[in-house]
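One structure is given below, encoded as structure tokens.
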There are 2 protein chains.
Amino acid sequence: MTVHQHGRYSTPVEDLPSRAVPEAAVGRLAIYLRVLTSMIEQGVTTMSSEELAGAAGVNSATLRKDLSYVGSYGTRGVGYDTAKLVEHIEQLLGLTRHHSVAVVGIGNLGHALANYGGFPDRGFPVTALFDVDEDLVGIPVGGLPVDHVNTIPEVCAEREVTIGVICTPASAAQIVCDLLVAGGVRCILNFAPVMLQVPSDVEVRRVDLAVELQILSFYQARRSPGPRAGAAPVDPVAVIR
Amino acid sequence: MTVHQHGRYSTPVEDLPSRAVPEAAVGRLAIYLRVLTSMIEQGVTTMSSEELAGAAGVNSATLRKDLSYVGSYGTRGVGYDTAKLVEHIEQLLGLTRHHSVAVVGIGNLGHALANYGGFPDRGFPVTALFDVDEDLVGIPVGGLPVDHVNTIPEVCAEREVTIGVICTPASAAQIVCDLLVAGGVRCILNFAPVMLQVPSDVEVRRVDLAVELQILSFYQARRSPGPRAGAAPVDPVAVIR
DNA sequence: GCAACTTTGTTCCTGCGTTCACAAGCGGCT
DNA sequence: AGCCGCTTGTGAACGCAGGAACAAAGTTGC
Ligand SMILES: NC(=O)c1ccc[n+]([C@@H]2O[C@H](COP(=O)([O-])OP(=O)(O)OC[C@H]3O[C@@H](n4cnc5c(N)ncnc54)[C@H](O)[C@@H]3O)[C@@H](O)[C@H]2O)c1
Ligand SMILES: NC(=O)c1ccc[n+]([C@@H]2O[C@H](COP(=O)([O-])OP(=O)(O)OC[C@H]3O[C@@H](n4cnc5c(N)ncnc54)[C@H](O)[C@@H]3O)[C@@H](O)[C@H]2O)c1
């Protein structure tokens with residue numbers, strides 16, 4: 001019944017394996033992982049903290065601290081072995097197991113996610129699609145047939161779904177969330193603009209595009225106090241015509 | 001040339017109107033705004049900090065501090081007038097003006113965004129769509145015809161686009177970003193999994209779904225140390241079969 | 001084999017953001 | 001009209017994350 005959408009700084013009673021890893025660090029580790037795999041494809045076998053930090057857009061000290069959560073797998077005077085580092089980060093992030101994903105609400109956004117190839121490639125196979133619309137049930141989207149929302153609990157348990165993605169209208173999000181939880185899903189990615197009520201052992205992450213746009217709007221408003229848009233300071237490349 | 005994707009704590013030299021507002025607070029204000037408009041629709045005219053904080057899922061002290069950035073518009077002993085509060089938050093976030101949005105890359109995700117009605121409703125009309133695919137150019141999506149990427153600078157300037165949304169493959173994101181900047185766009189929402197290089201007066205926000213999934217994966221891995229998934233502590237509602 | 005250089009891992013410190021706690025202020029009730 | 005209770009707004013403390021700086025460690029060159 002606890003409400004704790006974001007703002008989780010690892011549980012107060014911290015007796016879990018290895019040091020507590022700050023959430024911000026976890027997010028960055030995921031980025032390092034992407035940079036590293038990209039570099040490995042280009043044949044790079046070793047990177048210094050400075051190089052990797054530059055590519056990821058963070059401070060090199062921050063990067064080294066983040067990597068220290070993973071363990072000491074660098075070589076002083078040389079840098080990090082890219083392949084080894086990828087291996088250890090994947091282990092910390094739990095990416096050695098595949099995480100089966102269910103998408104609920106196959107509308108505009110649900111279609112996009114179901115058709116997206118980037119998730120299976122990264123170890124997140126989409127194994128279930130759900131919608132309440134009878135016309136959609138049975139139709140394959142991205143090669144996978146849509147099931148009815150009523151079957152969420154059974155199907156999720158059966159296919160061992162670990163991550164549920166909610167793409168329904170806001171009004172249906174809580175009901176769908178409850179069904180996912182009933183199906184044993186304890187990780188939820190929520191695109192609907194509502195705060196979900198979940199048991200304390202369920203982790204919810206919210207992606208709120210409207211909020212992102214409004215934050216951008218705020219900075220835009222801060223920059224140009226006058227009502228007209230043209231009052232830019234100086235931007236050599238933005239000179240039009 | 002500065003790399004500062006997130007991690008902006010308001011400019012060091014702070015001589016702008018009113019106090020510096022922490023980025024985290026701006027994001028929460030956007031959420032309060034949504035809760036408030038929803039409550040107003042239900043006929044609620046007054047809310048206490050405790051009520052509003054509960055609905056938004058934050059601490060009431062945090063909420064009051066956030067609202068203090070907006071100004072002192074509450075009434076002690078009573079609470080906040082919902083309508084007045086909405087008005088002032090909208091002003092702070094710069095939502096009194098409409099912000100014209102351009103979407104670049106009309107694939108899976110671009111289609112979803114172009115068809116989404118929630119943005120226009122919130123003061124973010126989509127006024128331009130771009131793609132490099134000649135087959136898409138000219139075709140209307142969500143009632144708006146797709147233009148060719150080459151025309152980004154002119155069209156964005158012409159239609160006074162303030163926010164650019166990048167939904168292209170990662171490989172094209174930087175080029176597209178440069179074109180948007182050339183068109184005078186200084187706020188960018190980036191869905192491609194790359195760090196964009198932009199001039200220091202351009203604000204970039206990145207939405208990285210793969211990272212979100214990996215963070216969920218991390219928490220999942222933390223919870224169940226054993227390889228099998230069934231080792232849940234106790235969850236009354238999740239008992240299957 | 002030794003010395004000099006490079007780079008990691010960590011410690012310390014600074015600063016921000018969140019939370020607690022309380023005084024000030026306002027409305028309602030008698 | 002005055003008192004009482006409730007809620008705001010903010011000053012102060014706390015905790016965490018990020019950045020700088022340094023010592024340990026390993027490698028390369030001589
Ligand atoms: N499309 C976007 O670009 C976008 C952007 C930001 C936020 N969102 C949010 O994402 C969510 C989905 O957006 P969309 O544009 O895909 O909407 P949509 O209307 O296109 O799709 C919603 C889908 O959910 C299904 N649905 C409705 N009730 C359901 C229920 N009880 N159980 C299961 N499925 C149900 C509908 O049948 C429909 O297929 C919304 O909450 C929206 O606010 C979407
Ligand atoms: N679809 C998703 O659910 C999803 C999820 C997470 C991340 N993403 C990211 O979002 C981006 C888009 O994903 P998608 O699934 O829509 O891809 P997509 O392949 O369906 O669409 C990409 C579109 O971009 C266009 N394009 C290519 N090069 C271009 C250029 N130089 N200028 C303009 N347009 C160009 C293509 O013609 C195509 O229409 C990708 O970077 C992807 O990694 C998508």
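Naming convention: chains lettered A, B, ... in sequence-line order (proteins, then strands); numbering from 1 in each chain. These numbers come from the heavy atoms of this one structure, side chains and all, not from hydrogens, waters or symmetry mates.
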How about A/Tyr219 and B/Glu23: does a side-chain donor come under 3.5 Å of a side-chain acceptor?
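Yes, a side-chain donor-acceptor pair sits under 3.5 Å.
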For [X] and [N], what is the distance between atoms [atom1] and [atom2] respectively, to the nearest whole Å?
X	N	atom1	atom2	result
B/Arg64	C/dC22	CZ	C1'	11 Å
B/Glu50	D/dG9	CD	C1'	14 Å
A/Tyr73	C/dG9	OH	P	11 Å
B/Met47	D/dC6	CE	C1'	17 Å
A/Asp81	D/dT27	CG	P	13 Å
A/Leu63	D/dA20	CG	P	14 Å
A/Leu52	C/dG9	CG	P	12 Å
A/Leu67	C/dT10	CG	P	11 Å

For B/Gly74 and for A/Arg76, locate the closest nucleotide of DNA chain D by heavy-atom distance; then report the residue assigned to the nucleotide nearer the 5' terminus.
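It is B/Gly74 whose nearest nucleotide is closer to the 5' end.
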Under 4.0 Å, heavy atoms only, any strand: does B/Ala61 hit a base, just the sugar-phosphate, or nothing?
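The answer is base, as B/Ala61 lies within the cut-off (heavy atoms under 4.0 Å) of a base atom.
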Does [X] put a side-chain nitrogen or oxygen below 4.0 Å from OP1 or OP2 of [N]?
X	N	value
A/Asn59	D/dA17	no
B/Thr62	C/dT19	yes
A/Thr75	D/dG26	no
B/Tyr69	C/dG17	no

Whether the side chain of B/Thr46 engages the backbone of B/Gly79 through a donor-acceptor N/O pair (distance < 3.5 Å, no angle test) should be reported.
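Not at all, since once roles are kept as given, no pair shorter than 3.5 Å links the two residues.
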Looking at A/Thr96 and A/Gln91, would you say the former's side chain and the latter's main chain have a donor-acceptor pair under 3.5 Å?
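Looks like no, no N/O pair under 3.5 Å.
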B/Lys65 (side chain) and C/dT19 (base): donor-acceptor pair under 3.5 Å
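A donor-acceptor contact between them is present.
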So which one's nearest nucleotide on DNA chain C is more toward 5', B/Arg28 or A/Tyr80?
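Mapping each residue to its closest nucleotide by heavy atoms, the 5'-most match is A/Tyr80.
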Of B/Val161, B/Ile163, B/Leu113, B/Thr162, which is the lone residue that meets side chain to side chain contact (heavy atoms under 4.5 Å, CB included) with B/Val101?
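The residue from B/Val161, B/Ile163, B/Leu113, B/Thr162 that satisfies side chain to side chain contact (heavy atoms under 4.5 Å, CB included) with B/Val101 turns out to be B/Ile163.
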For B/Phe218, which of A/Val26, A/Leu29, A/Leu95 qualifies under side chain to side chain contact (heavy atoms under 4.5 Å, CB included)?
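Among A/Val26, A/Leu29, A/Leu95, the one meeting side chain to side chain contact (heavy atoms under 4.5 Å, CB included) with B/Phe218 is A/Val26.
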Measuring from the side chain of B/Val78 (C-beta onward, heavy atoms only), which nucleotide among C/dG9, C/dG27, D/dG19 has the closest atom?
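Output: C/dG27.
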